[in-house]
2 protein chains.
Amino acid sequence: MIRTVMVVEDDDAIRMVLRTNLEDEGYRVLEATTAEQGLVIVQDEQPDVVLVDLRLPGIHGLDLVRSLRATSQVPIIIVTAQTDSHDVVAGLEAGADDYVTKPFVAKELMARIRTQLRRSAQPEESEEELVCGPIELHPDTAEVMRNGEPVPVSRIEFFVLAELIGAKGRVLSRDHLLRKVWGYGNAGDGRVVDNLIYRLRNKIEDDPANPELLLTVRGFGYRMKA
Amino acid sequence: MIRTVMVVEDDDAIRMVLRTNLEDEGYRVLEATTAEQGLVIVQDEQPDVVLVDLRLPGIHGLDLVRSLRATSQVPIIIVTAQTDSHDVVAGLEAGADDYVTKPFVAKELMARIRTQLRRSAQPEESEEELVCGPIELHPDTAEVMRNGEPVPVSRIEFFVLAELIGAKGRVLSRDHLLRKVWGYGNAGDGRVVDNLIYRLRNKIEDDPANPELLLTVRGFGYRMKA
DNA sequence: CCTACCTGCGACACACTTGCGACATACGCG
DNA sequence: CGCGTATGTCGCAAGTGTGTCGCAGGTAGG
């Protein structure tokens, strides 16, 4: 069953990132850059989830939330800058169901969308097992296990590893990882990914200099052992 | 199979209307006029659905929802005045499954009850116990025991602990706790959760500086030992 | 009215994270 | 073999997350 996600966001770069991420997750994506547009499209298309940027040109996103809530029970997720915390409160009181602050981790946003969909409809299948050789990821506890022993990894390291293992051995480009994990805005510096891979190897490989799990594919990116 | 519906409502007229409607639909009806009464009867009779008015004398319906949710998966439907939309949001976050606003259309409410019954029909599980290592929670008495000894905890501390233990080792973000325990109003300030965790640790941990039960997951939130 | 506790808040300390830059090394290609 | 590019390695410093604790206003109970 194909779900539709509506994105109301005026920033082209962010909207683009959201679109690709959502399409990768298998959603149909609708886009609007203003509150007026968004309201019309929501009523026409009845999406399953709506993402709303609070900072919109013209009518504020807050009013859009209120308008939507007046006529629909569609789950609404607010996307906003971290500084506007009081707007977030107002947004939730206006009827939004959840929120994420920029800069957000795209994977997390996807997870929240799944949560909203689960609440508003039938339960979906459980998440796939994130296992690769001796490495095991537990999304519930945000823990990484190696041969049964917990390995301390940071937040971003966790998401990168999750993305790689979830790809089941396919190569992921640096761009792909930047978009999926970092989200947006960091496209300028590619070496960030290399660095993170280096650090990850030090944590999960027996011999980090000769990786056997987290492999380099020269000219393309990285992949996990099949 | 006869289903039982519990009604927690202080307004005699409304309660009467609900009773007749429900009996017409073939349900057995239990009634309570206060949250305390409701809590007791729910535990004694284990109804299949609970209707809760948010405006109750004494303990607020919201707290009743939290108490119920802490020990039971019974479907909860909130009944409230249209003006208290903020409370509805908090109620859903506290664990209610649905809501209707007064004045409600009785037929619609009956339909929603059927929906809840359909959803809860299949997965009949055993009640989860709120126990984690030496810590034991008794939702009946709002008491926390540690190695059998009672530990004085405040209201909010109790709910946070209940939420954490109920999560069975899964990580709960600060946002999650804020919304589940505090409700939507306080979404702005983050350190409140850290503080409460700190105080909880001083009460339940042997060595609060090196917690073994209430663990930090840096970048994600907190979780109980598995 | 008084008291004790609860609760949110802010300030500071400390550890960890993370982006970045510099240099080293490996690989591909002519 | 030699050069250019891609990637590995590693240290640094600013930024961020979290622990700790005292304070003060609020609240409930005596």
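Letters A, B, ... mirror the listed sequences (proteins, then strands); counts begin at 1.
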Which residues pass the side chain to side chain contact (heavy atoms under 4.5 Å, CB included) test with [X], not counting sequence neighbours?
X	answer
Asp140(A)	Arg170(B)
Ala96(B)	Val65(B), Ile76(B), Ile78(B), Leu92(B)
Asp206(B)	Arg146(B)
Ser173(A)	Asp175(A), His176(A)

I'd like a table of donor-acceptor pairs (distance under 3.5 Å, sequence neighbours excluded) in which one partner is a side-chain atom from residues 209-226 of chain A, with atom names and distances.
{"from": "Thr216(A)", "atom 1": "OG1", "to": "Arg201(A)", "atom 2": "NH2", "distance (Å)": "2.7"}
{"from": "Tyr222(A)", "atom 1": "OH", "to": "Arg174(A)", "atom 2": "NH2", "distance (Å)": "3.1"}
{"from": "Tyr222(A)", "atom 1": "OH", "to": "Asp194(A)", "atom 2": "OD2", "distance (Å)": "3.4"}

Check nucleotides 28-30 of chain D against the protein and report each pair of N or O atoms closer than 3.5 Å, with its distance, or say if there are none.
none

Completion exercise
Sequence neighbours excluded, the answer for side-chain hydrogen bond (donor to acceptor under 3.5 Å, both in side chains) partners of Asp63(A) is Arg66(A)

Handout entry: Atom pair distance, as rounded to whole Å: CH2 in Trp182(A) and P in dT17(C)
Key = 14 Å

Any protein N or O atoms within reach of nucleotides 18-21 of chain D? Criterion: under 3.5 Å, listing atom names and distances.
{"from": "dT18(D)", "atom 1": "OP1", "to": "Gly219(B)", "atom 2": "N", "distance (Å)": "2.6"}
{"from": "dT18(D)", "atom 1": "OP2", "to": "Arg174(B)", "atom 2": "NH1", "distance (Å)": "3.0"}
{"from": "dT18(D)", "atom 1": "OP2", "to": "Arg174(B)", "atom 2": "NH2", "distance (Å)": "3.1"}
{"from": "dT18(D)", "atom 1": "O5'", "to": "Arg174(B)", "atom 2": "NH2", "distance (Å)": "3.2"}
{"from": "dG19(D)", "atom 1": "OP1", "to": "Arg201(B)", "atom 2": "NH1", "distance (Å)": "2.7"}
{"from": "dG19(D)", "atom 1": "OP1", "to": "Thr216(B)", "atom 2": "OG1", "distance (Å)": "2.5"}
{"from": "dG19(D)", "atom 1": "OP2", "to": "Tyr222(B)", "atom 2": "OH", "distance (Å)": "2.7"}
{"from": "dG19(D)", "atom 1": "N7", "to": "Arg191(B)", "atom 2": "NH2", "distance (Å)": "2.9"}
{"from": "dG19(D)", "atom 1": "O6", "to": "Arg191(B)", "atom 2": "NH1", "distance (Å)": "3.3"}
{"from": "dG19(D)", "atom 1": "O6", "to": "Arg191(B)", "atom 2": "NH2", "distance (Å)": "3.1"}
{"from": "dC21(D)", "atom 1": "OP2", "to": "Tyr198(B)", "atom 2": "OH", "distance (Å)": "2.5"}
{"from": "dC21(D)", "atom 1": "N4", "to": "Asn195(B)", "atom 2": "OD1", "distance (Å)": "2.4"}

Exercise for the section: Report the end-to-end axis angle of the helix from dC1(C)-dG30(D) to dG30(C)-dC1(D); each axis comes from five terminal pairs, and the value is rounded to 10°. Expected result: 30°

Salt bridge (Lys or Arg N to Asp or Glu O under 4.0 Å) partners of [X], counting only residues at least two apart:
X	result
Glu36(B)	none
Asp11(A)	none
Glu136(A)	none

Completion exercise
Whichever of Leu196(B) and Lys203(A) has the more 5' nearest nucleotide on DNA chain C, that residue is Leu196(B)

